[in-house]
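The block underneath contains the structure these notes are about, expressed in structure tokens.
For ligands, and for the atoms within them, numbers begin at 1 and follow the listed sequence.
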Amino acid sequence: MSERMLKFVSRDRETPVKRNPGDRRRDFDEIYLRFADDKAKEQASRCSQCGVPFCQNHCPLGNDIPDWLKLVAEGRMEEAYAVSSATNNMPEICGRICPQDRLCEGSCVIEQSGHGTVTIGSVEQYITETAWANGWIKPLSPSRERPESIGVIGAGPGGLAAAEELRREGFKVKVYDRYDRTGGLLVYGIPNFKLEKDVVARRTKYLEESGVEFVRNFNVGRDASFADLRKEHDAIVVATGVYKARDLACPGAGNKGVVAALDYLTTSNRLGLGDSVPRYENGELNANGKNVVVIGGGDTAMDCVRTAVRQGAKSVTCLYRRDRANMPGSVRETSNAEEEGVIFEWLAAPKAVRGDAAKANGIRVSRMELGAPDESGRRSPVEISDAEFDLDADLIIKALGFEPEDHPAMFGEPDLKVTARGTLRVDPTTLETSLPGVYAAGDIVRGASLVVWAIVDGRKAAAAITERLTAAETRPLAAE
Ligand SMILES: Cc1cc2nc3c(=O)[nH]c(=O)nc-3n(C[C@H](O)[C@H](O)[C@H](O)COP(=O)(O)OP(=O)(O)OC[C@H]3O[C@@H](n4cnc5c(N)ncnc54)[C@H](O)[C@@H]3O)c2cc1C
Ligand code: SF4
């Protein structure tokens, strides 16, 4: 064991410096600063090298965390980068936005013993940022160019991970996206204060320099039929995400001033990228000077409340129908929102939007309590009678989750099988759909999930395609 490790007994856990809430409220910059070199080494050296790496087991990618922590502690950064990038296509992105408290860091052994987890995510980000800064990340140059071509539909993390892995094998790779920029929700969903957009653009540039072709503003099903794409390519990866927003079902839900979370967040991200958005210019998607109520308790709701704070809202309240302990969003992001001045109304659900079709003017809220568990095992919220209250609200943002669009209809492929939830039905080992040679990855398979899981799927689909298309070459001669 390196004597540089096991420092959790003498060194406390530290995260990179977090900017103070007063400054954070005024801009959209990331809220955590980077680790300085000596701090990253010091924090990595807290790892106990415990022998049973629970952190690795709870990382969806199975990242070799103890090894790269040890290499960082020893100052062997280029090797740390090689180990970290062997299992993850975007370590600097996962390091920033994975809910580590629920994944790697939540199962760290020294966290369990009360010493505070190793700051795995921040060290992961630090390793890859160091690699970019030192020019260690070079475009791919496959040892052999292959004749087969793969089409990837969707340039979110699932599609980008698949594209990289396939290009590494020497396939021709063409990625189609209906947006004008690549990155999917990394660009148009997740706000800048969690993930600055040049971090995403740098990944796309690297893939372009590696020979991946991107076709933007191209909506498959409208600009080309799915059947045409299947004819053009030897295999397809569908990584189209989930975009059908769940709606609010209460009186007044259609009033002006009630808006969808993704419209609101996409607008804010577009403004940050220098676009002009008419629905912001006319005030509809601008929280400035307004009393804002966001409905929902997931990551999307957290991103909306914090965006509203930065746009200069008069007040920002989050309504969630269960309690804090049962909130689906990241604990870290909830406390960041509280620090920035967001008010949380737990056990509270919308009863009616006040005002009229021309203008929302307040919201009536029901107080809830937790009742018996539902089929998923979670306790269902039940309305308490005669416990309603009103909140001022002139912008109400619905962040109630997302479902898949109707893919068989969108692609004109009735044989593309879907589950009862509308996600694509796949073989769990290969991620191949019901259409031969068509694979799927990310949210369109899992339902709304996480970036790290989309990367897992993209890699898995790419591996299955590679195995299928190269199987003939690796067959033993005797079998010919
Ligand atoms: C507001 C918000 C905040 C989030 N915060 C976090 C977080 O902090 N941490 C985390 O891990 N996860 C977070 N998530 C979840 C995460 O963003 C998703 O799980 C992840 O992006 C899924 O990746 P994907 O590649 O499957 O799909 P997406 O990222 O959704 O990408 C799908 C792409 O497919 C394209 N597309 C769709 N249909 C077509 C078509 N017909 N033709 C061409 N292109 C098409 C879309 O334009 C899009 O670019 C958040 C999600 C949201 C909405
Ligand atoms: S990818 Fe996510 S879960 Fe895995 S080590 Fe990195 S931050 Fe942790």
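Looking at heavy atoms from C-beta onward, Asp263 lies out of side-chain contact with Glu284 at the 4.5 angstrom threshold. Within the 4.5 Å cutoff, side-chain heavy atoms of Arg34 are placed close to those of Gln125.
Ligand-side atoms of ligand 1 in range of Leu450: 10 (C), 11 (O), 12 (N), 19 (O), range being under 4.0 angstrom from any heavy atom. Numbered from 1 in the order shown, with element, the atoms of ligand 1 that lie under 4.0 Å from a heavy atom of Gly184 read 29 (O), 31 (O), 48 (C), 49 (O). Remark: ligand 1 atoms within the under-4.0 Å shell around heavy atoms of Gly154 are 33 (C), 34 (O), 35 (C). Under a 4.0 Å criterion applied to the non-hydrogen atoms of Tyr243, ligand 1 contributes the atoms 28 (P), 30 (O), 31 (O), 32 (C), 48 (C).
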Could you check Asn134 against Glu78 for side chain to side chain contact (heavy atoms under 4.5 Å, CB included), going step by step and ending with a plain yes or no?
CA-CA 9 Å; Asn134 285 286; Glu78 205 161 349; over 6 Å; no
For Leu435 and Arg230, run side chain to side chain contact (heavy atoms under 4.5 Å, CB included): C-alpha distance rounded to whole Å, both residues' side-chain angles, the deciding distance at 0.1 Å, then the answer.
CA-CA 10 Å; Leu435 300 177; Arg230 284 184 81 194; 3.8 Å; yes
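For atom 5 (N) of ligand 1, the nearest non-hydrogen atom of the protein is Lys194 NZ, 3.2 Å. When only non-hydrogen protein atoms are considered, atom 31 (O) of ligand 1 lies nearest to Gly156 CA, 3.4 Å. For atom 47 (O) of ligand 1, the nearest non-hydrogen atom of the protein is Asp177 OD1, 2.7 Å. Looking only at protein heavy atoms, the nearest one to atom 50 (C) of ligand 1 is Ile190 CG1, 4.1 Å. Protein heavy atom nearest atom 19 (O) of ligand 1, with residue, atom name and distance: Asp443 OD1, 3.0 Å. Given atom 1 (C) of ligand 1, the protein heavy atom at minimum distance is Leu265 CD1, 3.3 Å. The protein non-hydrogen atom at the shortest distance from atom 51 (C) of ligand 1 is Leu185 CD1, 3.9 Å.
The only member of Arg25, Arg310, Lys18 that meets salt bridge (Lys or Arg N to Asp or Glu O under 4.0 Å) when paired with Glu340 is Arg310.
Around atom 2 (Fe) of ligand 2, protein N, O or S atoms at less than 2.8 Å comprise Cys98 SG.
If you look at Asp303 next to ligand 1, the close heavy atoms, those under 4.0 Å, all belong to the side chain. Using a 4.0 Å cut-off between heavy atoms, Thr182 makes no contact with ligand 1 at all. At a heavy-atom cutoff of 4.0 Å, ligand 1 is contacted by no atom of Glu405, backbone or side chain. Counting heavy atoms under 4.0 Å from ligand 1, residue Ala454 touches it through the side chain alone.
Between the side chains of Asn88 and Glu124, at least one donor-acceptor pair of N or O atoms lies under 3.5 Å. There is a side-chain donor-acceptor pair under 3.5 Å between Asp180 and Tyr188. Looking only at atom types and distance, the side chain of Thr204 has a donor-acceptor partner in the side chain of Thr182 under 3.5 Å away.
Partners of Tyr81 by ring-ring contact (aromatic ring centres under 6.0 Å, His included), not counting sequence neighbours: none found.
Taking the six-membered ring where the residue is Trp, Phe218 and Tyr176 present tilted rings, their angle falling between 30° and 60°.
Taking the ring axis of Tyr179 as reference, the NZ or CZ atom of Arg216 does not stay both within 45° of it and closer than 6.0 Å to the ring centre. For the pair Arg468 and Tyr439, the NZ or CZ position fails the cation-pi test of under 6.0 Å to the six-membered ring centre and within 45 degrees of the ring normal.
The N/O atoms of Val242, backbone and side chain alike, include none that comes under 3.5 Å of an N/O atom in ligand 1.
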